[in-house]
Protein chains: 2
Amino acid sequence: MPRKPSAGRATTAAIRLDIIDTATAITTLAEQVAGIGGRIRNLATVRRIEGAPPIAEIELEVEGVTEEALVAALEALDDVRTVHLTRALDRVFGKRIIVVGGGAQVAQVALGAVSEADRHNLRGERISVDTIPLVGEENIAAAVRAVADLPRARLLVLAGSIMGGDISVAADELRAVGIPIIALNMVGSITDHVDLVVSDPVQAGTMAVMAVADTATFDLERQRGRRY
Amino acid sequence: MPRKPSAGRATTAAIRLDIIDTATAITTLAEQVAGIGGRIRNLATVRRIEGAPPIAEIELEVEGVTEEALVAALEALDDVRTVHLTRALDRVFGKRIIVVGGGAQVAQVALGAVSEADRHNLRGERISVDTIPLVGEENIAAAVRAVADLPRARLLVLAGSIMGGDISVAADELRAVGIPIIALNMVGSITDHVDLVVSDPVQAGTMAVMAVADTATFDLERQRGRRY
């Protein structure tokens, strides 16, 4: 299966390390990485182990260095306990379709999206379908805004029966940072604030995947504002 | 709806910022955060904007400082362009159930998990269901190992018809870092390397959510090694 880094980007070295969880741990780490010419792109504290001393388990993705150089540089730090190579998350889980809304409809959108992602992933794509069932204007609006903070999120599907108000405001904000939105056909102003409206949830999920897959020919640009 | 930070952890301030993408950007950021007594827990480059100068859009979660102090400290940096408060991702998307395997079965597990998560999220929980359809021993084993690197991942469901070999090795590694696994009943050695085996995919998804929900009484410890 072909695995290519994103176009125009330097290769990313990914490692997981255990480091003593001091106040200066991350600064030391950042200095060491910069010292070998690397740029930290992602740093996630995946687990913390209480104890004396407390340990933080960190997943680190660094651009512009080889994996060997990164491991050597970090193993040289006193506070680093174990280091091992992992695989950058975009090479494993790829592009993310996010589905938010009412449980029954989120599940149907997921059904369509997972089935379609399966077909593209078989041909070398990497597309994940990530979902959360939520109710209430405030919760859904917060989730829509937070999609902008999710690494690798490429498209949002809003699955519900009534959405508007602050959710529509949040939808405009999300589209402004470059993440398109597909909504089910529903009550409320939301359908005027998305790129595409689709009545059938399974088809909405399918189209969402087609819109982000390099292995598909679907062009969301050409469908903008339409309703199916 | 009640929103409580994870037990035993300090509150987390979350912000998104645009910073000029220089070699020393992250070091400067880390020093500034440490200077006000904060600890960076997560840093994700969510988008990069080419240009002169190039900009990196970064989502940052910091423990041990107030949101106001964090915003003030980062706005004081020359290379930081815009700063705005967001919401820590664990407060929006919560605990993550990860579902990996064949498309048809992943979709059915997701159906069960999303429906069950809906019921718990209505009562104040925050549970997401994140999926990727994949085929092949190498791809699936890599995904199983990478679950250890995913922030907020709490449980893995393996949904397929045949898994074993390196996938079983990866399953042991994942459980060793404290992430339990539920597998569908299937061909191969995998069913001897997971915490629970469930034949019906919808039920597997339901049980996965019950196992991580604080609002449920299901105890995976007491079910370990069983098959349903």
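Convention: sequence-line order gives letters A, B, ...; per-chain numbering from 1.
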Open item on the list: If you count heavy-atom pairs within less than 4.5 Å of chain A, which of B:T86, B:D21, B:V46 leads?
Closed with: B:D21
Open item on the list: Less than 4.5 Å to any heavy atom of chain A: does that hold for the side chain of B:R41, its backbone, both, or neither?
Closed with: both
TODO: Heavy-atom pairs under 4.5 Å with chain A are the metric here; pick the option from B:G94, B:A104, B:P151, B:A146 that has the most.
DONE: B:A146
- [ ] Would you mind telling me which of A:L134, A:V99, A:V106, A:T131 has the largest number of heavy-atom pairs within less than 4.5 Å of chain B?
- [x] A:T131
Task: Residue B:R119 versus chain A: region with a heavy atom under 4.5 Å - done: neither
Open item on the list: Please identify, among B:I58, B:V114, B:I98, the residue contributing the most non-hydrogen atom pairs under 4.5 Å to chain A.
Closed with: B:V114
Task: Intermediate values then yes/no, side chain to side chain contact (heavy atoms under 4.5 Å, CB included), B:V92 and A:R145 - done: CA-CA 10 Å; B:V92 180; A:R145 291 194 170 94; over 6 Å; no
Open item on the list: Has B:N121 got a side-chain atom pairing as donor or acceptor with A:P133's backbone, closer than 3.5 angstrom?
Closed with: yes
Task: Least distance between heavy atoms, A:R96 atom then B:D130 atom - done: NH2-OD2, 4.2 Å
- [ ] To the nearest 0.5 angstrom, please state how far the CD atom of A:E61 sits from the CG atom of B:D149.
- [x] 8.0 Å
- [ ] Taking all heavy atoms of B:N139 and all of A:R126, pick out the closest pair and write down the distance.
- [x] OD1-NH2, 2.8 Å
Task: Shortest non-hydrogen contact from B:F93 toward A:A143 - done: CZ-O, 3.7 Å
Task: Considering all heavy atoms, the nearest B:V177-A:E57 contact - done: CG1-OE2, 4.5 Å
TODO: Specify which of B:I49, B:I127, B:L60 makes the most heavy-atom pairs with chain A at under 4.5 Å.
DONE: B:I127
TODO: Please report the C-alpha distance between A:L111 and B:Q108 in whole Å, then the side-chain angles of each, then the deciding distance to 0.1 Å, and finally whether the side chain to side chain contact (heavy atoms under 4.5 Å, CB included) criterion is met.
DONE: CA-CA 7 Å; A:L111 181 68; B:Q108 291 307 306; 3.7 Å; yes
- [ ] Measure A:A148 against the heavy atoms of chain B and call it side chain, backbone, both or neither at under 4.5 Å.
- [x] both
TODO: Measure the CD-CG distance between B:E59 and A:L150 for me, rounded to the nearest 0.5 Å.
DONE: 8.5 Å
Open item on the list: Looking at chain B, which one of A:V100, A:I97, A:T22 has the largest number of heavy-atom pairs inside 4.5 Å, strictly under?
Closed with: A:T22
TODO: Rounded to the nearest 0.5 Å, what's the gap from CD on A:E63 to CZ on B:R48? Could you check?
DONE: 4.0 Å
Task: Contacting moiety of B:I179, where chain A heavy atoms sit under 4.5 Å - done: side chain
Task: Heavy-atom contact with chain A under 4.5 Å, split by part of B:I40 - done: both
Open item on the list: What part of B:A56 gets within 4.5 angstrom of chain A, counting heavy atoms only: side chain, backbone, both, or neither?
Closed with: side chain
Validation: residues 24-33 of chain B side-chain donor-acceptor distances under 3.5 Å, sequence neighbours left out:
unit_1, atom_1, unit_2, atom_2, d
B:T28, OG1, B:T24, O, 2.8
B:Q32, NE2, B:A73, O, 2.8

- [ ] Quick one: which of B:A153, B:A34, B:G178, B:A44 has the most heavy-atom pairs under 4.5 Å with chain A, could you say?
- [x] B:A44
